[in-house]
Amino acid sequence: MAAAVGSLPSPYPSPTTTSSIPANATLGRHLARRLAEVGARDVFTVPGDFNLTLLDELEAEQPSGGGVRLVGCCNELNAAYAADGYARAGRGVGACAVTFTVGGLSAINAVAGAFSENLPLVCVVGGPNSNDYGSSRVLHHTIGLPDFTQELRCFQNVTCYQAVVNNLEDAHEQIDTAISTALKESKPVYISISCNLPSIPHPTFSRHPVPFFLSPRLSNQMSLEAAVEAAAAFLNKSVKPVLVGGPKMRVAKACKSFVEMADASGYPIAVMPSAKGLVPEHHSRFIGTYWGAVSTPFCAEIVESADAYLFAGPIFNDYSSVGYSLLIKKEKAIIVQPDRVVIGNGPAFGCILMNDFFHALASRLKKNTTAYENYSRIFVPQGEPVSSDPGEPLRVNVLFKHVQKMLSGSSAVIAETGDSWFNCQKLKLPEGCGYEFQMQYGSIGWSVGATLGYAQAAKDKRVISFIGDGSFQVTAQEVSTMIRWAQNNIIFLINNGGYTIEVEIHDGPYNIIKNWNYTGVVEAFHNGDGKCYTAKVRTEEELKKAIDASLGPNKDCLCFIEVIVHKDDTSKELLEWGSRVSAANSRPPNPQ
């Protein structure tokens, strides 16, 4: 998958001796400048002997001079999770740098998650000395075979481009192609760089790199016109059409045009759960999250009773469809993907960019507010949980009542896999408030590294994360990195004694975990170095005090609030969703 780059001047304008090449014209510094250019001004790293020289060169190209800052992480999995979070924060690209095989294969789970979520991420691996390729030597950090391609072959399934840089002659081209491909495809790429190459000056790196120029993708105009005509006819003849936003609107960069189409048409707007945060929830016709049986109240009734619905960039998997139980009919649906439109059972139109389609369709739709008027008639405002009695054990719904009041346009919410998915879906996001969770891949522990990365990129936001105790135990160490980098995130650790989401799908003794003193763990990470506030809360009164302390005197600190709740205190949505997913998982084999 080659990407188009700008027309570069010849890297060899005239015969050049090594002595006349600037000392900073190295592969490592070129990589730093390229990463900074595309928005990755922080690179999440774990040192290992194969990448140490590379880290020296990256470190030498400081951010003030157009380079990068190295953020040392506790392990490679967390470093790649942090790069994932960084890419989500709107900076363009996330990047991590690890060592050969033991580092790369540790990071690969997070890279796979970024691939599934369509995030541009550059995973840089320090590779073997260039002289060892083809030598039949056995190296450490490998599985003991004289074959250095194991790591590469693993990454081929979870990246859109792989570059193995083991000579300087084509290093410039390989690096530029890899990074531009990550941008073009909005997927991770893998770059392996031999450990003896990063610090050697070479004439191809003697000039500051020419900025990338990615050839703009264009819609086929005939196909676009035909699709718009067919979609307009389909929607204009319907009585109560609705719009449902999906997660691929992000990669299509079509969120704004989707809202403009809604404004022009008068249709109500819902979002799929994985698209929460992509559509402004303060919009006058926003009706909530469409998630089948666990939708926002009154949302599913309007969507599923519509005689036409347009889904923008949906992903229908077993989780988003609540165990394949959505009451959606294909013949009523227009499915718009980033480069394709399917109307009902047909026809289908290819080579159409989602953004172009929404812009063109907006002017062809007749105003129709019927579905929203129906919603307004049946809507009943949601009540608030009753306040707790003094000393009463804290309930999860009371926690989120207070969290709702914390949110503002300068906040960003990160929800870990688990019951936090469902509780955070019910939060009403103020204008400008960010929201992220990893629904497609659903790797527990993702949110700790992602919080680090998101906060490092979005300096204008205060990140508020919700993490279950089981998930936290997977990746807890990276809280120490947050403290080291003076982040002021607020982490709510929901301590209910185990893997609650798994309990609701299929219970067993393996879902119970060893309880930690979570505030004690974070205090040990702090160790008197940096700014950190911790609180352990069991009642509503204690929760209020902890929140006030986090927003007031400790607003510049990493704030960690351990919320102790009953093991069976879950959202009603998780109970319903868990039973349906369990039913889908336990379907018997088809008859042979």
Side-chain angles (χ1 to χ4, degrees), residues 117-118 227-228 230-281 283 285-296 299-322 324-350 352-362 364-365 368 371-372 375 425 439-440:
E117 302 274 331
N118 297 296
V228 169
F234 186 91
L235 293 169
N236 286 335
K237 71 179 181 183
S238 63
V239 177
K240 42 185 181 179
V242 299
L243 302 175
V244 183
K248 290 187 180 179
M249 289 196 303
R250 187 211 299 259
V251 67
K253 296 180 172 57
C255 299
K256 184 177 179 182
S257 58
F258 178 77
V259 175
E260 290 171 353
M261 180 177 61
D263 291 337
S265 65
Y267 301 172
I269 307 174
V271 292
M272 299 182 74
S274 46
K276 185 175 177 69
L278 299 184
V279 171
E281 298 188 5
H283 191 279
R285 286 188 302 282
F286 181 76
I287 64 172
T289 298
Y290 174 62
W291 200 355
V294 295
S295 298
T296 303
C299 179
E301 292 82 353
I302 295 301
V303 172
E304 293 178 347
S305 67
D307 56 344
Y309 15 74
L310 184 151
F311 281 83
I315 296 177
F316 295 109
N317 62 25
D318 51 339
Y319 276 15
S320 67
S321 67
V322 197
Y324 311 112
S325 66
L326 299 184
L327 301 179
I328 293 295
K329 296 180 179 178
K330 186 177 179 182
E331 61 268 20
K332 293 183 180 181
I334 297 178
I335 306 296
V336 185
Q337 295 295 4
D339 56 4
R340 186 173 180 81
V341 177
V342 180
I343 299 176
N345 289 317
F349 304 89
I352 298 171
L353 299 185
M354 184 187 290
N355 211 24
D356 294 342
F357 178 74
F358 290 160
H359 277 305
L361 183 59
R364 304 280 285 272
L365 295 178
N368 185 340
Y372 186 74
Y375 172 78
Q425 279 291 329
M439 185 168 192
Q440 173 59 37

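The figures here come from the full heavy-atom set of this structure, side chains too, leaving out hydrogens, waters and symmetry mates.
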Item to complete: Walk me through it: do M249 and V279 pass the test side chain to side chain contact (heavy atoms under 4.5 Å, CB included)?
Response: CA-CA 10 Å; M249 289 196 303; V279 171; 3.7 Å; yes

Practice prompt. Take F358 and E260 through the test side chain to side chain contact (heavy atoms under 4.5 Å, CB included) and record every step on the way to the result.
Written response: CA-CA 8 Å; F358 290 160; E260 290 171 353; over 6 Å; no

Discussion item. Before you tell me yes or no, could you show the steps for N368 and N236 under side chain to side chain contact (heavy atoms under 4.5 Å, CB included), namely the whole-Å CA-CA distance, both residues' side-chain angles and the distance that decides it to 0.1 Å?
Written reply: CA-CA 8 Å; N368 185 340; N236 286 335; over 6 Å; no

Practice prompt. I would like to know whether Q440 and N317 meet side chain to side chain contact (heavy atoms under 4.5 Å, CB included); could you show each step before the answer?
Written response: CA-CA 8 Å; Q440 173 59 37; N317 62 25; 2.7 Å; yes

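Pairing each heavy atom of M261 with each of A362, the nearest pair is CA-CB, 3.9 Å. The nearest pair of heavy atoms linking M354 to A252 is SD-CB, 3.8 Å. In terms of heavy-atom proximity, H283 sits nearest to V259 at CD2-CG1, 3.7 Å. Across all their heavy atoms, L365 and A232 have their closest contact at CD2-CA, 4.1 Å. What you find for P247 and S274 is that their closest heavy atoms are CG-OG, 3.3 Å. Pairing each heavy atom of G292 with each of S295, the nearest pair is O-OG, 2.7 Å.
Distance alone, capped at 3.5 Å, places no donor-acceptor pair between the Y267 side chain and the Y309 backbone. With D307 contributing its side chain and K240 its backbone, the two residues share a donor-acceptor pair below 3.5 Å. Judged by distance alone, the side chain of D318 and the main-chain N or O of Y324 form no donor-acceptor pair under 3.5 Å.
One finds the CG atom of L243 at 5.0 Å from the OG atom of S265 (value rounded to the nearest 0.5 Å). For the atom pair K248 NZ and D339 CG, the distance stands at 9.0 Å (nearest 0.5 Å). From C255, atom SG reaches atom CG of N355 across 9.5 Å, with rounding to the nearest 0.5 Å. The distance from the CZ atom of F258 to the NE2 atom of H359 is 13.5 Å, given to the nearest 0.5 Å. If you take CG on L326 and OG on S320, they are separated by 6.5 Å, rounding to the nearest 0.5 Å. The NZ atom of K332 lies 9.5 Å from the CZ atom of F234; values are rounded to the nearest 0.5 Å.
Relative ring orientation between Y375 and Y372 is described as tilted, the plane-to-plane angle lying within the 30° to 60° band.
For F349 and F357, the gap between ring centers reaches or exceeds 6.0 Å.
Among residues two or more places apart in sequence or in another chain, the side chain to side chain contact (heavy atoms under 4.5 Å, CB included) test is passed with T289 by V271, P273, W291, T296, Q425. Under the rule for a salt bridge (charged side-chain N to carboxylate O under 4.0 Å, His left out), E304 has no partner lying at least two apart in sequence or in another chain.
Sequence neighbours left out, not one pair with a member in residues 235-256 passes ring pair (Phe, Tyr, Trp, His ring centres under 6.0 Å).
By the 4.5 Å heavy-atom criterion applied to side chains, P314 and Q337 are counted as neighbours.
Looking at I352, I343, L361, L310 one by one, the single match for side chain to side chain contact (heavy atoms under 4.5 Å, CB included) with V336 turns out to be L310.
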